[in-house]
Protein chains: 2
Amino acid sequence: MKGIRQLAEHLDISIGTVSRALNGKPDVNEETRKRVLAAAEELGYVANQSGRSLRQGTTNVIGLMIESSKETIEDSDNFFLGLTSGLQSVLARHKLDLIMLPCPTDEDPYEYLKRMVARRVVDAMIISATQRVDKRIDLLSKAKIPFVSLGRSLSSGNSSWIDLDFDGVANSAVDRLVAHGHRRIAIAAPSNEINLGYIFLDGYRRALERHGIAYDPSLVIRVKTSEQGGYQAGHELLQIDNRPTAVILIYELMAIGLYRRLTEAGVIPGHDLAVIGFREEPRAKFLQPALTCFRMSLHDLGVELAETLLATMPAYSHFYPDSERNMIWPLKLIPGESDSFHLMAAE
Amino acid sequence: MKGIRQLAEHLDISIGTVSRALNGKPDVNEETRKRVLAAAEELGYVANQSGRSLRQGTTNVIGLMIESSKETIEDSDNFFLGLTSGLQSVLARHKLDLIMLPCPTDEDPYEYLKRMVARRVVDAMIISATQRVDKRIDLLSKAKIPFVSLGRSLSSGNSSWIDLDFDGVANSAVDRLVAHGHRRIAIAAPSNEINLGYIFLDGYRRALERHGIAYDPSLVIRVKTSEQGGYQAGHELLQIDNRPTAVILIYELMAIGLYRRLTEAGVIPGHDLAVIGFREEPRAKFLQPALTCFRMSLHDLGVELAETLLATMPAYSHFYPDSERNMIWPLKLIPGESDSFHLMAAE
DNA sequence: ACGCGTCCCGTAAACGTTTACGATCCTATG
DNA sequence: CATAGGATCGTAAACGTTTACGGGACGCGT
């Protein structure tokens with residue numbers, strides 16, 4: 001089966017009518033529409049995407065850009081795959097397909113995105129790992145490509161975003177640790193320019209202030225968001241004099257490395273050092289003591305992302321009239337035992 | 001910047017010459033080529049992919065199909081993301097882009113692939129999770145879409161594939177366990193129709209035979225390849241009367257669940273029950289005792305996949321003249337402690 | 001009989017690119 | 001000088017769709 005022309009000839013109908021029949025347009029007899037659909041099914045005809053895109057200027061494809069640095073690719077998790085399920089459940093309703101665009105580790109994400117945008121291979125984009133100031137946002141805005149970013153940015157302007165509630169996470173974590181008697185609380189934040197690192201630290205700082213605890217910069221550890229980074233964090237924690245009694249991790253896989261380093265040094269996690277991590281991961285279930293952490297549904301987040309995105313696309317926005325353009329995605333605290341040993345007042 | 005026409009007008013050159021200049025064709029003055037390239041860079045012109053695809057019948061995009069069932073998506077790992085790095089390093093040399101095509105969990109993989117193929121959105125495909133008999137292979141062959149499958153199949157015919165050496169893995173594992181004195185060796189295989197499960201079991205069976213150990217079907221446990229499945233496997237292991245003294249797992253994440261179930265029952269992994277897993281995963285590093293398992297480089301596998309694929313594509317095959325169409329990908333044994341406690345002869 | 005509207009269908013242009021072909025100019029060679 | 005041939009460029013067709021437009025057939029009311 002070559003194209004619509006062969007299909008039309010086979011049916012002895014004009015090519016225009018066949019197209020209208022297939023696309024559910026009016027001005028076509030219900031009877032002939034049946035014939036056309038049957039023949040298409042029988043001959044296995046599916047419209048060539050290039051031809052269609054060229055004519056309509058639309059691809060019916062949504063892109064999910066994926067970044068994974070050389071350092072974290074080994075530890076990188078099922079985050080994006082977890083998202084796809086929710087995304088697709090919404091996109092499928094509009095006959096939109098999702099493709100993932102993995103940015104090569106040795107290419108600049110901005111340049112990569114620029115290429116993809118210029119080639120007009122997707123109608124809209126979802127980007128993540130949003131930086132504090134992110135050129136990609138300006139790029140997409142100027143190119144008038146609808147998009148939503150997972151993570152707000154200083155560059156966001158009035159574009160759409162959904163951000164994980166890292167402010168809330170930091171606050172609950174500090175509250176909980178303080179309630180358990182901790183006063184010296186360390187925090188492991190990412191070493192790159194990702195914006196959620198800043199939000200996380202801000203929340204941490206303001207929470208301390210709320211509890212009348214002085215902010216101590218030496219308790220802020222900047223490491224990679226990986227198991228390796230967790231190990232490194234543990235290492236640095238042990239060096240601090242007047243060692244903190246608790247630590248908050250921005251990424252749960254770090255807990256594995258942290259536990260490892262602590263255990264090596266004879267420091268018992270949860271007993272000698274309280275630990276709270278983000279986010280709940282099935283594969284960290286094994287940790288002893290069980291990690292206190294925050295839960296979120298990747299599927300639901302995917303659904304929300306898709307709806308927010310569609311709301312920004314003129315052709316689909318009427319389906320989602322009252323969709324928020326911006327939103328803070330809530331996390332739920334899952335109490336474990338890694339922070340529940342009460343401390344004797346040290347002084 | 002709209003299209004090549006505007007670029008041509010801006011340069012006051014014909015549209016054909018511009019196209020030739022951009023694509024490095026002959027019959028264009030070196031001087032004007034410079035001008036064209038400069039102007040394209042300045043105005044940010046990039047060829048529209050749809051137009052190009054339509055004309056040349058080629059998209060310059062390679063698809064990596066991703067399957068993840070509802071059950072395993074939570075546990076699914078960085079396998080595909082790990083592959084992309086190697087894939088892209090090769091594809092980039094030929095200006096080919098990689099996209100990942102995640103099959104929705106509620107859609108039949110065959111139908112999904114059929115849609116993607118018919119829409120002509122990629123030039124070639126990489127498929128994985130190959131089934132014992134896999135209709136996708138016939139589909140791609142008939143559609144004359146170059147492809148390589150990760151995992152051979154009974155349907156493979158003379159198509160290209162790379163298969164992980166599960167036969168070798170099963171054999172080494174059995175050899176090692178027998179050398180440690182084990183005679184009753186269980187095996188946890190996947191419950192679906194994925195072909196590597198069969199190969200794994202075959203290898204296991206032949207290895208037993210080689211050692212003069214009778215094959216006992218009750219020692220074959222079929223579970224999902226997830227942490228949950230590992231737990232289930234542990235559960236079933238404990239039910240077997242005349243309990244086996246060792247178990248081989250087809251997937252390393254299963255070890256986490258297995259350890260959990262064993263510990264619950266007071267059975268010490270590595271001591272009361274020897275364990276060998278596939279494949280090495282950074283996140284299973286924490287397990288105590290350390291898991292004996294098999295290592296492979298995802299990056300290198302990606303490289304090999306890309307080269308094998310390109311070798312099947314007429315336009316690129318001359319770059320890879322002596323590339324094997326089929327290949328067994330070797331794994332390296334990483335000794336841990338989970339199988340190294342020597343047993344007293346039980347009888 | 002005439003006009004008008006509705007239903008259905010065919011015709012052809014347009015989307016942006018690549019490429020076969022032919023045209024022009026210039027140089028070298030006899 | 002005539003001509004061959006190389007270098008460079010312009011022209012136009014083609015890829016597979018969608019869709020604006022117009023036209024024929026038919027029914028209905030006047």
Side-chain angles (χ1 to χ4, degrees), chain A residues 1-37 39-40 43-61 95 115-123 143 315, chain B residues 1-37 39-40 43-61 95 115-123 143 315:
Chain A
M1 173 53 39
K2 288 293 297 303
I4 200 175
R5 164 161 286 118
Q6 282 69 22
L7 183 56
E9 286 174 359
H10 175 260
L11 284 164
D12 202 34
I13 300 185
S14 97
I15 180 177
T17 310
V18 173
S19 174
R20 280 189 297 266
L22 290 174
N23 296 11
K25 303 270 167 166
D27 279 6
V28 42
N29 188 314
E30 219 30 66
E31 163 104 13
T32 61
R33 187 192 301 276
K34 291 252 175 67
R35 278 181 55 214
V36 171
L37 289 177
L43 302 186
Y45 168 79
V46 178
N48 176 302
Q49 188 57 39
S50 302
R52 158 176 285 178
S53 302
L54 186 55
R55 170 61 216 233
Q56 328 193 99
T58 188
T59 64
N60 293 328
V61 173
K95 296 201 179 308
R115 244 176 59 221
M116 291 302 151
V117 164
R119 284 169 50 156
R120 297 260 130 77
V121 74
V122 295
D123 287 346
Chain B
M1 172 53 38
K2 289 294 297 303
I4 200 175
R5 166 162 285 118
Q6 281 69 21
L7 183 57
E9 286 173 1
H10 175 260
L11 284 165
D12 204 34
I13 301 184
S14 97
I15 179 179
T17 310
V18 173
S19 174
R20 280 189 297 265
L22 290 173
N23 296 11
K25 303 270 167 164
D27 279 5
V28 42
N29 189 315
E30 219 31 66
E31 164 102 15
T32 61
R33 187 192 301 275
K34 292 250 174 66
R35 278 181 57 215
V36 172
L37 289 177
L43 302 187
Y45 168 80
V46 179
N48 176 303
Q49 188 59 40
S50 302
R52 159 176 284 179
S53 302
L54 185 54
R55 171 61 217 236
Q56 329 193 99
T58 189
T59 64
N60 294 328
V61 173
K95 296 201 180 308
R115 243 175 61 221
M116 292 300 151
V117 163
R119 285 169 51 154
R120 297 262 131 75
V121 74
V122 295
D123 287 347

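Every chain is numbered from 1 and lettered A, B, ... according to where its sequence line falls, protein lines coming before strand lines. Computed from heavy atoms alone, side chains included, the values below leave out hydrogens, waters and symmetry copies.
Between the CD1 atom of B:Ile4 and the C1' atom of C:dT18 there is a distance of 8 Å, rounded to whole Å. Spacing between atom NZ of B:Lys2 and atom C1' of C:dA14 amounts to 12 Å, rounded to whole angstrom units.
Here the closest heavy-atom approach between residue A:Gln49 and residue A:Thr58 is recorded as NE2-O, 4.2 Å. A pairwise comparison of heavy atoms in A:Asp27 and A:Arg20 identifies O-NE, 3.9 Å as the closest pair. Considering every non-hydrogen atom in both B:Thr59 and B:Asp123, the closest pair reads N-OD1, 2.6 Å.
Closest to the side chain of A:Arg52, from the set D:dT17, D:dT19, C:dT18, is D:dT17. For B:Arg55, whose side chain is taken as the heavy atoms from C-beta onward, the closest listed nucleotide among D:dT19, D:dT11, C:dG16 is C:dG16. Proximity note for A:Leu54 (side chain, C-beta onward) versus C:dT17, D:dG16, D:dT19: the nearest is D:dG16. Distance from the side chain of B:Gln56 is smallest for C:dT19 among the nucleotides C:dT19, D:dT18, C:dG16.
Contact annotation: the side chain of A:Val36 approaches that of A:Leu22 to within less than 4.5 Å [non-hydrogen atoms, C-beta and beyond].
Using a 4.0 Å heavy-atom distance criterion, A:Ile13 is classed as a sugar-phosphate-only contact.
OP1 or OP2 of D:dT19 lies within a sub-4.0 Å distance of a side-chain N or O belonging to A:Lys25. Considering only side-chain N and O atoms, B:Asn29 lies nowhere under 4.0 angstrom from the phosphate OP1 or OP2 of D:dA7. Regarding contacts with the backbone of C:dG16, every side-chain N or O of B:Ser50 stays at 4.0 angstrom or more from both OP1 and OP2. In this structure, B:Ser14 reaches the D:dG10 phosphate: one of its side-chain N or O atoms is under 4.0 Å from OP1 or OP2. Between C:dG16 and B:Arg5, no contact under 4.0 Å exists linking OP1 or OP2 to a side-chain N or O. Proximity of B:Thr32 to the phosphate of D:dT8: no side-chain N or O atom is located under 4.0 Å from OP1 or OP2.
Listed for the A:Glu9 side chain is no donor-acceptor partner under 3.5 Å among the backbone atoms of A:Gln6.
When each of B:Asp27 and B:Asn48 is assigned the nucleotide of DNA chain C bearing its nearest heavy atom, the one mapping closer to the 5' terminus is B:Asn48.
Atom CG in B:Leu11 sits 10.5 Å away from atom OG1 in B:Thr17 (nearest 0.5 Å).
The base of C:dG10 is paired with the side chain of A:Arg20 by a donor and an acceptor separated by under 3.5 Å.
Between A:Glu31 and A:Lys34 no salt bridge is recorded (no basic side-chain N to carboxylate O distance below 4.0 Å).
Defining each end axis of the helix from C:dA1-D:dT30 to C:dG30-D:dC1 as the rotation carrying four pairs' C1' atoms onto the next four, with five pairs an end, the two axes are found to diverge by 60° to 10 degrees.
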